[in-house]
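See below for the structure under consideration.
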Amino acid sequence: MAGILAKTDGKTLLLLKPRGFCAGVVRAIDIVEHALEKYGQPVYVRHEIVHNRHVVESLKAKGARFVESLSEIPPNAVTIFSAHGVARIVVNDAAARGLHVLDATCPLVTKVHNQGKHYVAQGRMLILIGHAGHAEVEGTMGQISSPVYLVQTEKDLESLDIPADAPVAYITQTTLSVDDTRAIVAALHRRFTNLVGPDTSDICYATQNRQTAVRELSKRVDTVLVVGAKNSSNSNRLREIATEAGIPSYLIADGSELKADWIQDVRTVGITAGASAPEVVVEHVIEALRRFGPVEVSTLPGREENVQFRLPAELRVEQ
Ligand code: SF4
């Protein structure tokens with residue numbers, strides 16, 4: 001076991017592994033930082049590069065400007081698409097405006113786009129399992145030229161106007177609960193006789209690993225704190241998984257949000273972090289816990305992650 005499980009008259013804090021940044025988030029942040037180094041300030045980023053205020057503020061301080069619309073960006077400016085991906089219309093708009101684009105879309109999100117295009121090219125009707133309004137879902141739907149049917153819950157299948165024997169395929173948002181997705185896929189198989197789709201355990205290694213780990217953690221702790229932003233899909237799923245396991249679980253953006261009544265009569269607290277939450281914020285939450293009394297921290301063993309994604313060619317420093 002990595003780390004020592006120590007007890008005090010205070011609380012035991014179990015840090016979960018893996019937690020926090022995934023390879024897609026590291027790559028997206030690196031793209032902004034390398035672009036700033038190479039091209040100087042400002043560089044423009046469409047949408048939050050990843051869903052975390054601390055990351056966004058720190059990049060702002062280095063000279064990045066965050067916008068929601070390309071119309072806010074001057075011609076020729078360096079423009080970075082966020083890790084969540086963008087619709088074709090955004091790509092085309094950027095080209096029409098003469099922007100210098102660097103694409104920080106996570107390669108695993110791009111893989112979903114390509115899966116969707118592949119299924120449509122086979123003549124299949126396409127279902128996307130995901131959450132309406134999320135940037136990744138909007139990007140994925142906008143990457144596919146044919147209509148995409150969005151399914152958020154099993155109940156949504158009832159209103160799908162697709163014949164049972166039609167050729168159908170599904171793709172999924174990368175950060176969904178693996179269990180929920182599996183249940184929806186099972187319902188799709190009951191509904192459609194000619195259905196194909198990717199293996200749900202092969203959508204995103206980081207989502208899968210963090211969800212598996214929090215499920216295990218929930219067996220050992222009295223409460224779970226998930227460090228992450230309110231608009232972070234993968235962080236919300238981590239909190240839901242702990243809650244479904246019967247453990248009080250809270251999504252916490254940083255230490256300032258920690259509430260005394262969450263941890264009052266609790267001996268063992270588990271901490272994990274969403275894929276877009278920096279480790280410095282986890283440390284901030286631990287400091288906040290210490291304000292309520294002594295805390296002994298230990299790290300649980302967990303799956304090693306060695307995934308790395310390459311930077312766009314123009315930002316690579318050749319050795
Ligand atoms: S959670 Fe998965 S899909 Fe999303 S950015 Fe990280 S590696 Fe990519």
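Ligands are counted one by one from 1 in listed order, and the atoms in each one are counted from 1 as well. All heavy atoms count here, side chains included; hydrogens, waters and symmetry mates do not. Residues: numbered from 1 along the sequence shown.
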No-hydrogen, no-angle side-chain donor-acceptor test under 3.5 Å, Tyr170 and Gln115:
no
Is a donor from one side chain sitting under 3.5 angstrom from an acceptor on the other, for His47 and Glu68?
yes
Do Arg239 and Ser235 have side-chain N/O donor and acceptor atoms under 3.5 Å apart?
no
Applying ring-ring contact (aromatic ring centres under 6.0 Å, His included) to His284 and His54, what does each step give before you reach the verdict?
CA-CA 12 Å; His284 191 234; His54 296 269; 7.1 Å; no
I'd like to know if Glu48 pairs up with Arg53 as an ion pair, taking the criterion as any Lys NZ or Arg NE/NH1/NH2 lying under 4.0 Å from an Asp or Glu carboxylate oxygen.
no
Looking just at side-chain N and O atoms, do Arg124 and Tyr119 make a donor-acceptor pair shorter than 3.5 Å?
no
What is the number of protein N, O or S atoms that sit under 2.8 Å away from atom 6 (Fe) of ligand 1?
1
